[in-house]
Structures are given as structure tokens and as C-alpha cells.
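The next block holds one structure in the form of C-alpha cells; read it before the comments.
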Protein chains: 2
Amino acid sequence: MKFCSHCGAPVTQKIPAGDNLPRHVCEQCDLIHYHNPKIVAGCIAEWEGQILLCRRAIEPRLGLWTFPAGFMEIGESTEQAAARETKEEAEADVAITSLYAVLSLPHIGQVYLVFRGQMTAPIYKAGSESLEVKLFPLSAIPWDDMAFPVVKDALARYAADVRRGQFQLHLASLSDRI
Amino acid sequence: MKFCSHCGAPVTQKIPAGDNLPRHVCEQCDLIHYHNPKIVAGCIAEWEGQILLCRRAIEPRLGLWTFPAGFMEIGESTEQAAARETKEEAEADVAITSLYAVLSLPHIGQVYLVFRGQMTAPIYKAGSESLEVKLFPLSAIPWDDMAFPVVKDALARYAADVRRGQFQLHLASLSDRI
Ligand SMILES: [Zn+2]
Ligand SMILES: [Zn+2]
């Protein structure tokens with residue numbers, strides 16, 4: 001950020017009175033501009049022991065696989081965001097069944113909220129941001145071609161929970177080293 | 001938002017190609033500015049059957065009660081944010097034990113992530129944003145003087161869970177009517 005989004009004057013970095021972190025502060029109107037982490041809502045969409053993955057048609061990580069996930073919008077709930085992303089990227093309808101994982105990525109200011117969703121029918125196809133959409137049995141997940149470490153991490157937790165026959169809520173913070 | 005934070009030129013609202021919502025788009029550098037929901041991390045800090053509440057020293061809702069809660073910062077995890085807010089507002093140390101509630105407020109673009117935390121000692125006092133900090137038994141929670149509907153909602157869920165002797169994760173979207 002270089003300019004104030006309110007008045008257009010330049011901003012400088014300084015620690016406002018009563019604060020303890022540097023912020024972008026406007027030199028003209030004194031507005032403090034805060035930058036906050038973004039929520040990425042994702043969905044592990046299930047159908048008869050298989051899960052729905054999308055091969056990305058856009059950068060970053062074009063050509064690699066992910067479950068449907070994207071930035072939450074203002075005006076929707078976290079569950080609605082996860083279902084919307086599933087509709088947009090995989091043209092599939094899901095009923096969200098539970099929150100599965102809350103994964104913080106402090107180094108890039110993102111929090112993944114990953115839900116489980118029951119597909120209402122085995123109907124899906126590539127949305128505009130996907131090259132290909134496919135149901136995978138857990139034994140065939142393309143582990144070496146996952147788009148993002150956080151997606152691979154969430155799916156590894158999911159596969160382990162399926163193996164031991166018990167799901168739990170996963171709360172974790174992923175470093176930039178994974 | 002009236003001006004581009006990247007180049008300082010005016011922005012206009014329009015629906016970018018391939019998108020389906022109006023965004024602030026820069027007339028000069030074509031940058032699309034997205035606005036996303038913010039995460040509020042909160043903590044129900046527990047000590048021997050009592051919970052820690054703070055009376056707000058700042059607007060909005062000056063003088064009313066809340067559990068420690070505030071906007072998550074970039075560079076921290078959700079759990080760290082909840083513990084930090086407890087330290088800042090109540091000068092109390094907690095060990096976060098679980099995620100208790102994920103409450104979406106779509107009308108104002110906020111998501112509350114409310115954790116349970118075990119106080120490491122019965123030591124607390126008013127931080128700079130609090131007038132007063134106090135441990136309350138559940139029978140004495142000041143229900144009529146709560147700062148925000150979402151705080152009252154989360155505490156009502158908590159009190160009900162304590163009464164029936166079983167905690168669960170609460171996932172809900174609160175309308176602007178509560
Ligand atoms: Zn300004
Ligand atoms: Zn611009």
C-alpha cells in the first residue's frame with residue numbers, strides 16, 4: 001500500500017499511539033489502514049468414499065490439484081463460502097456436514113477453514129477456474145501433484161482419519177517450511 | 001474506498017471480466033481491490049468454573065461486557081490471536097484448549113473464532129482497552145449488559161453446554177436481527 005484509499009494522499013508506516021505494530025497511516029487524513037488475514041473457505045466434497053478434486057486452470061499452480069477453495073466474500077457465512085467455491089470450481093452441489101480443519105498460515109496471512117460436504121448427486125464438471133474435475137478414491141489421490149502444501153496437509157489429515165475410522169476437528173498452524 | 005492504494009488514482013465500482021460481484025477497480029493501473037471478511041479471535045478464559053469478562057473502556061459499546069476478542073493480525077495463528085487478545089485486554093495468560101465456536105456475521109463481514117482457554121493462574125487486571133476485568137460464575141453473567149449480540153450468543157451456547165455437561169463445536173451464521 002502506497003496511497004490512502006480514502007483521500008489518495010501518500011501513506012507512511014508508523015506505530016500509531018496505543019498500538020504496538022507498524023501500520024500504514026495517511027499523512028493527510030490520519031486514517032490508519034489495517035491489513036488483516038484472509039479466510040480461504042474450502043470443501044472436501046464426498047461421494048461414496050471418494051472425494052472431489054479440481055485441476056487448476058489458473059495461476060498460481062496451474063495444472064495441479066486441489067479441493068475446491070477460495071477467498072470468502074463479504075455477505076456470506078463460512079459454510080456458504082465453502083459450498084459456493086464447490087459450485088464455482090467443480091459445478092457440484094454439497095450439503096456442508098461439518099467444519100473439518102482450521103489451518104493458519106501466519107507467514108502469508110491466510111486462514112483455511114476446510115469443511116466436509118456431502119455431494120447431493122455424483123454430478124460435477126470443470127468450472128471456469130478448473131481444467132478437470134474428478135472423484136478420487138483415497139488410494140488414488142495425486143499426492144505429488146497437489147497445488148498447495150496446506151491442501152496436501154488437510155487431505156493427509158483426512159486420509160489418516162478415514163483410515164482410523166474417526167474424524168476430529170484439526171486446529172493447526174502451518175509454517176512456511178512445509 | 002475512493003482511491004487506488006497502489007497508484008493513488010480514483011477507483012470505480014465494476015464487475016471485472018470473469019467475476020460476478022462488483023469490485024473497486026483502479027481507472028489508471030487496472031488493479032482490482034478485493035474486500036474480505038475479517039477474523040475476530042476471542043477467548044472464553046476459564047478458572048475453576050468461572051469465566052473472565054472485560055468491561056470495555058473504548059467505543060463502540062463503552063462500559064459493556066465482553067470476553068477478550070479482537071481482530072486477528074497477519075503473522076499469527078488463530079489460537080495465538082485469541083491468547084494475545086486475552087493478554088492485552090485482561091492481562092491474563094491462557095492455554096488455548098479448543099475451538100469452541102465459528103460464528104459468521106455476513107452483514108458486517110466478520111467471522112468470530114471463539115476459543116476456550118484454561119487460565120494458567122487466577123491473575124488478571126484491566127488492560128488499556130478495559131475499565132474492569134472480573135471472573136464470573138455462570139450464574140452471575142451480566143446478560144443485559146453484553147457489548148455485542150455475537151458475544152451474548154456465544155456465551156449463551158457456552159452456558160447451555162455447561163448445564164448439559166457436554167461441549168460441542170458451534171458453527172452458525174448470525175443474522176443482523178439478533
Ligand atoms: Zn487519507
Ligand atoms: Zn491504481
Side-chain angles (χ1 to χ4, degrees), chain A residues 1-11 18-21 23-24 26 33-41 58 71-81 84 88 96-113 115 128-129 168-175, chain B residues 1-11 18-21 23-24 26 33-41 58 71-81 84 88 96-113 115 128-129 168-175:
Chain A
M1 156 165 252
K2 295 179 199 153
F3 297 92
C4 175
S5 55
H6 181 68
C7 78
V11 294
D19 203 338
N20 47 25
L21 286 174
R23 313 285 180 183
H24 288 108
C26 179
H33 297 274
Y34 296 94
H35 303 282
N36 299 97
K38 290 190 192 345
I39 295 172
V40 179
I58 53 172
F71 290 115
M72 183 178 170
E73 302 271 9
I74 288 170
E76 66 188 359
S77 68
T78 57
E79 314 82 284
Q80 287 169 337
R84 175 183 53 73
E88 287 178 6
I96 298 295
T97 48
S98 64
L99 177 60
Y100 181 63
V102 177
L103 304 173
S104 299
L105 305 179
H107 55 293
I108 53 170
Q110 294 183 359
V111 175
Y112 269 68
L113 298 180
F115 292 85
S128 63
E129 298 182 0
Q168 59 165 108
L169 176 72
H170 293 261
L171 182 63
S173 178
L174 306 188
S175 80
Chain B
M1 156 167 254
K2 295 179 198 155
F3 297 92
C4 175
S5 55
H6 181 69
C7 78
V11 294
D19 203 338
N20 48 25
L21 287 174
R23 312 285 181 184
H24 288 107
C26 179
H33 298 275
Y34 297 94
H35 303 284
N36 298 98
K38 289 190 194 345
I39 294 172
V40 179
I58 53 171
F71 290 116
M72 183 178 170
E73 303 271 8
I74 288 172
E76 64 188 0
S77 69
T78 58
E79 313 81 286
Q80 286 170 337
R84 175 184 52 73
E88 286 179 6
I96 298 295
T97 48
S98 63
L99 178 60
Y100 182 64
V102 177
L103 304 172
S104 298
L105 305 179
H107 56 293
I108 53 169
Q110 294 183 0
V111 175
Y112 270 67
L113 298 181
F115 292 85
S128 63
E129 298 182 359
Q168 58 165 108
L169 176 72
H170 293 261
L171 183 63
S173 179
L174 307 188
S175 79

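Please read all numbers here as calculations on a predicted model, not as lab measurements. Here is how names work: the chains are called A, B, and so on, in the same order as the sequence lines, proteins then strands, and each is numbered from 1.
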> B:Gly75, B:Ser128, B:Gly109: which one forms the most heavy-atom pairs within less than 4.5 Å of chain A?
Replying inline: B:Gly75
> What's the shortest heavy-atom distance between A:Ser173 and B:Glu79, and which atoms?
Replying inline: N-OE2, 4.4 Å
>> On a heavy-atom basis, which atom in B:Ile74 and which in A:His35 lie closest, and how many Å separate them?
In response: CD1-O, 3.7 Å
> Nearest heavy-atom pair of A:Met72 and B:Pro37: which atoms, and what distance?
Replying inline: O-CD, 3.2 Å
> Can you tell me how far the CG atom of B:Leu171 sits from the CG atom of A:Leu169, to the nearest 0.5 Å?
Replying inline: 10.0 Å
> Of the backbone (N, CA, C, O) and the side chain (C-beta and beyond), which part of B:Ala172 lies under 4.5 Å from a heavy atom of chain A, both, or neither?
Replying inline: backbone
> What parts of residues 96-103 of chain A touch chain B if we use heavy atoms and a cut-off under 4.5 Å?
Replying inline: A:Leu99, A:Val102
> Side chain, backbone, both or neither: which part of B:Gln110 has an atom under 4.5 Å from a heavy atom of chain A?
Replying inline: neither
> What residue in B:Ala9, B:Cys4, B:Ser77 has the most heavy-atom pairs under 4.5 Å with chain A?
Replying inline: B:Ser77
> Is there side-chain contact between A:His6 and B:Lys2, with at least one heavy-atom pair below 4.5 Å?
Replying inline: yes
> Contact part of B:Glu76 toward chain A, heavy-atom cut-off under 4.5 Å: side chain, backbone, both or neither?
Replying inline: backbone
> Which heavy-atom pair separates A:Ser104 from B:Thr78 by the least distance, and what is that distance?
Replying inline: OG-N, 3.1 Å
